[in-house]
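Report on the structure given below.
Just so you know, residue 1 is the first one in the sequence shown, and it goes up from there. Treat the numbers as computed from the prediction; the structure is a model and nothing was measured. Remember, it's 1-based here, ligands and their atoms both numbered in the order they're listed.
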Amino acid sequence: MDTHSSKLVRIDKLATGGSEDGLAYDTHPRNVLDHCSSSEYVPELLSTQLRQDLKPLNVMQPEGPSFKVTDESLIEWQKWRFRLGFNPREGATLHDVRYDGRSIMYRLSFSEMTVPYGDPRPPYHRKQAFDFGDGGAGRAVNNLALGCDCLGVIKYFDATIADCEGKPSVSKNVVCLHEQDAGIGWKHTNFRSSRAVVVRSRELVIQFVITLANYDYGFSYKLDQAGGITVETRATGVVSVTNIDKGKTSPWGNVVSPGALAQNHQHLFALRMDPAIDGHRNTIFKEESLPLPMSPETNPRGNGYQIVTSPITKSTHLDASPFTNLTIKMSNPHILNPISQRPISYKFQPTPSQLLLADKSSTHAQRAAFAQHHLWITSYRDGELWAGGEFTNQSQVERGGVADAVARDDNVEDADVVVWTVFGLTHNPRVEDWPVMPMEKHELHIRPSDFFTANPALDVPSAKNASSVQVNGEKGGCCGGGDLQEAAETHFQGSRDLNANGVH
Ligand SMILES: [Cu+2]
């Protein structure tokens, strides 16, 4: 329909054919739903009984959380200090992220996500969502108090966002803040003394969840006690399906339920990092670990390998490279680590996930230049926040996105530089993705690299968890600090004998 004239232009009949029809553009509109079956996931509508053997797993924080929230949005936790922002397009954003008073990030945000579908039959060739640019992650955000999204002591944040007429409205409980146990943080058992020291890793999770039509996405920033930032995405919800005739299969998707073809597609996310590593003048280094040819002078036995590091001087795009261990270092070259004599940095490895599959000349690809490289390094410009450009809705070509920013060919060395990283999943649906998809998780690990002078989590107490018990009910779980101390003392004699004999 022409929306201006309200005139009907054409009726496209949805293809319902299968693989034996080649491109299978044919349509069998009559009784197409007759062979479909109902698919429920809401517990009260399920015909199968819910499993009965799941015991409660409670998270108790009897003294409350270790974080502090003041001035509405200033969050402090375990030497971390940052501001939480929220807007209709990006959802939650982190600002002025500091550790122990030292600046790390000026701004950290999810910038864009595109979901191109790979079914070439009209009208599916148009299927491509830009969840941030079209829908708005902040607008599509869930009220987290309605579901059971976190465990433990939870702080919810409201946000005031503008509706499409610019009127302010309050969205309740759109971001949640909580701590979670993330397994072992660091551990060592001294094999001579049998003294074991183990420190749990605790994370501060800043999470928001969005529902855009069929799909649901969880976005989290997770700060840890070793100065690390983990950025997590989770895709869940209901895969997009179309009808398929009874008994047929299709190369363009997978039949996940009788009559329901879940089409092949990709989810491509862009994360925007505006680093401020002890200041705003930063340099991005590309570091690769490469084989070193055998040579009598430098590598006579051939075991040596070399690390090749080079600064990125001009705005550019790059691709992940697992075989060279490509690592991106966001550095302040003016401040050297006193121990290593190398620039203080935060690093990450771009995820070598598949990039946009659509043909370079396709509308899908033209609209999403950002989804064709894993990394974009650009100079900072006010308001330049959108990897796929500001206006994605019904766009034909990406404009004002990262590709245009790179094309400025600006100096990015020792400058206010912005790093964008793209990752995703090629989602060829499984029957197990139906009727609601088990979450697919991705994590990007942003870690200090010569930023500190030792392991920043060295001072985290290895306190015993008072509520841990063994399966038989005895106090003291497997990692009980106190019990380990005793165990170490008991074993000490034996190991001293061992050492005295010079056996290692
Ligand atoms: Cu998917």
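In this structure, Phe110 and Phe132 have tilted ring planes: the angle between them lies in the 30° to 60° band.
For the Cu ion (ligand 1), the nearby protein N/O/S atoms, meaning those under 2.8 Å, are Tyr215 OH, His265 NE2, His267 NE2, His427 ND1.
A donor-acceptor pair shorter than 3.5 Å cannot be found between the side chains of Tyr217 and Thr233.
Judged as a salt bridge (Lys or Arg N to Asp or Glu O under 4.0 Å), and not counting sequence neighbours, the contacts of Asp158 are Lys172.
Of the possible polar contacts, one joining the Asp2 side chain to the Ser5 backbone as a donor-acceptor pair under 3.5 Å is found.
In summary, the aromatic rings of Tyr346 and Phe451 are positioned with their centroids under 6.0 Å apart.
No more than 12 heavy-atom neighbours from other residues, nucleotides or ligands sit within 6.0 angstrom of CD on Gln49.
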